[in-house]
There are 2 protein chains.
Amino acid sequence: MTLPFFYTYTFFIMAKQKDSPANNNERKNFLPHIAFDSVIFGFSGEKLKILVMEYHNTRLFALPGGFVGVTENLNDAVRRGLKERTGLSNIYLQQCYVFGDVKRHRPAVMHTILQANGHQPGDDHWMLDRFISVVYYALINYTKVTPRPDALSDSCEWYDVDALPKLMLDHGTIVKKALDTLRKNLDEQIVGMNLLPKQFTMKELQQVYEAIRGEKLQRTNFQRKMLASGLLIRHKKIFSGKAHKAPYLYQFVQ
Amino acid sequence: MTLPFFYTYTFFIMAKQKDSPANNNERKNFLPHIAFDSVIFGFSGEKLKILVMEYHNTRLFALPGGFVGVTENLNDAVRRGLKERTGLSNIYLQQCYVFGDVKRHRPAVMHTILQANGHQPGDDHWMLDRFISVVYYALINYTKVTPRPDALSDSCEWYDVDALPKLMLDHGTIVKKALDTLRKNLDEQIVGMNLLPKQFTMKELQQVYEAIRGEKLQRTNFQRKMLASGLLIRHKKIFSGKAHKAPYLYQFVQ
DNA sequence: TATTATTGTATCATATTGATACAATAAAAT
DNA sequence: ATTTTATTGTATCAATATGATACAATAATA
């Protein structure tokens, strides 16, 4: 579990108060025992990356996550979190898996995080409870996003999927599961439309697929298949300023 | 949400007591706001079916479901429920989707069920709360199972997926989602191994696929593909007592 | 013994995929 | 101004997979 997005707005205020009343207020605002975590995929032009947060005084790395308001749809809660981290509203979002094992519950870790931010949580603090976590993955256009660390002054940065820092709790397993699911669900149009800018070259498109599938593809056959799919509209060539033959620009239909 | 499997053991006893103490005890035994529902697929030899329960005095049809013990893994809770309904322990089980919209919350329906079983639940009864439901689907060999209605004397019966009764709440949507997921994940070996008896004819195997995909397949090409897959072991012919050429029996490797 | 519907296999034509070759070309190097 | 370069777009051949059809084998029945 990560710190809730909610913190961004209210945590600092509450941190100045005694813990119990704040604890009780927050406990009433969210569904207990239910969290979500998001694996946010972006594509840099060459590599597949995900957003990872670091809790400043703890050296703990975690996925962005949060909690569900008592009158809030689960999906909306996740969108709220994504908006908070990325500034984007219309993000491609998919449920991935629910992690519900008892052994996820490690209150000491959450205690560390709370303490590192000036709290003295009692043993009955709601965030020290057992949580099940609904995991989502999101696909976003890397270039549109400036990741925003939250009010706890964590960092929030892109990391290559193959060069992640060690993540806290079971967040490493969560990333693996999200990547597996993305690979299994790999739909040409959806993935391309959400990870790439509106217009792109055939090479960029191929790099997206190679990054996700984790293997090199035959250039000529990839091109043939994509062109035959009917998903692409071809635009004018771009003269990129690089040497060699200039590529066409493409975009997805619709 | 359906009545919890837990009811089977304790509900009748509790029903004799005043509601509040029982309410409070149960509230402590389960994670609040979290439920699961199971779409249990079976194959009859011709049709794909699912298990549906009927609450006797309500004419309400529902999927089997339940709640998660406070010290119980989510997956184990679902297996506990399946064992209860089918008697089987090693069941192929897959997570499907989490339904988490606020509009699922319809306390009146649950109130009706509780009342129909002799309860007078107060407005604060834990089962009248908002729940998110983690949906699983299971594949089981129809012939191995005798569905067990629970102690509330509901019925628990197989229904053709294309001839379901109207299900309560969003359970109709849940079935659609489970079927979609099954189709998308359709893995030859896993599906065949779990829906068919150990040995089966090529015709039975084809019928499983046709039932799941909802379309007829070309017999000869299906046979060619399955034989070429290397997944099947061929056994002796069976002389079924029917006219015409006797088919071979097959089974999956491993 | 002939009939019947089912089963197993073969064989076409057509699509899809893998591997390779090659011409076109934008800018840099000469 | 011409040559060189790596990249891009396209074509083509072989190998494989798929769709459609034909047909022989056969277990029990008529």
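Since this is a predicted model, take the numbers as computed values, not measurements. What's counted below: heavy atoms across the whole structure, side chains too, no hydrogens, waters or symmetry copies. The chains referred to below are lettered A, B, ... by the order of the sequence lines, with proteins before strands, and numbering in each begins at 1.
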Please figure out whether B:K203 or B:R224 has its closest DNA chain C nucleotide nearer the 5' end.
B:K203
On DNA chain C, nearest-nucleotide positions of B:Y250 versus A:K225: which is more 5'?
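Per heavy-atom nearest nucleotide, the more 5' residue is B:Y250.
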Mind checking what makes side chain to side chain donor-acceptor pair (under 3.5 Å) contact with A:R219, not counting sequence neighbours?
none
B:E210: what forms a side chain to side chain donor-acceptor pair (under 3.5 Å) with it, not counting sequence neighbours?
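If we apply the side chain to side chain donor-acceptor pair (under 3.5 Å) test to B:E210, skipping adjacent residues, the hits are B:Q206.
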Kindly point out which of C:dG8, D:dT10, D:dG9 is positioned nearest to the side chain of B:Q223?
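Of the candidates, C:dG8 comes closest.
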Just compare D:dT10, C:dT7, D:dA20 and give me whichever is closest to any side-chain atom of B:N221.
D:dA20
Sugar-phosphate or base contact per nucleotide [nucleotides 22-30 of chain C; S, B, -; heavy atom under 4.0 Å]:
--BBBSS--
What is the separation between atom [atom1] on [X] and atom [atom2] on [N], rounded to the nearest whole Å?
{"X": "B:M226", "N": "C:dG8", "atom1": "CE", "atom2": "P", "value": "13 Å"}
{"X": "B:L227", "N": "D:dA17", "atom1": "CG", "atom2": "P", "value": "14 Å"}
{"X": "B:Q206", "N": "C:dT6", "atom1": "CD", "atom2": "P", "value": "12 Å"}
{"X": "B:L205", "N": "C:dG8", "atom1": "CG", "atom2": "P", "value": "12 Å"}
{"X": "B:L249", "N": "C:dT7", "atom1": "CG", "atom2": "C1'", "value": "13 Å"}

Side chain of A:Y209, backbone of A:E188: donor and acceptor closer than 3.5 Å?
yes
Quick one: does B:H171's side chain have a donor or acceptor within less than 3.5 Å of a partner on B:L63's backbone?
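Yes; judged by distance alone, with no hydrogens or angles, the pair exists.
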Helical bend (five base pairs per end, nearest 10°) for the helix from C:dT1-D:dA30 to C:dT30-D:dA1
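Here the helix ends are tilted 20° relative to one another.
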A:F67-A:F131 aromatic ring centre distance below 6.0 Å
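Between A:F131 and A:F67, which both carry aromatic rings, the centre distance is below 6.0 Å.
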Carboxylate-amine/guanidinium contact B:K47 B:D162, below 4.0 Å:
yes
Looking only at side-chain N and O atoms, does A:Q218 come under 4.0 Å of OP1 or OP2 in C:dG18?
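So the side chain of A:Q218 is outside the cut-off, no N or O lying under 4.0 Å from OP1 or OP2 of C:dG18.
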Report yes if a side-chain nitrogen or oxygen of A:R234 is closer than 4.0 Å to either non-bridging phosphate oxygen (OP1 or OP2) of D:dT10; otherwise report no.
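Answer is yes, contact under 4.0 Å.
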For A:D180, give me all partners under salt bridge (Lys or Arg N to Asp or Glu O under 4.0 Å), at least two apart in sequence or on another chain.
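Listed in chain order: nothing, the list is empty.
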Could you list the residues that satisfy side chain to side chain contact (heavy atoms under 4.5 Å, CB included) with A:R224, not counting sequence neighbours?
A:N221
Around atom CZ of A:R234, are there more than 12 heavy atoms of other residues, nucleotides or ligands at under 6.0 Å?
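Enclosed.
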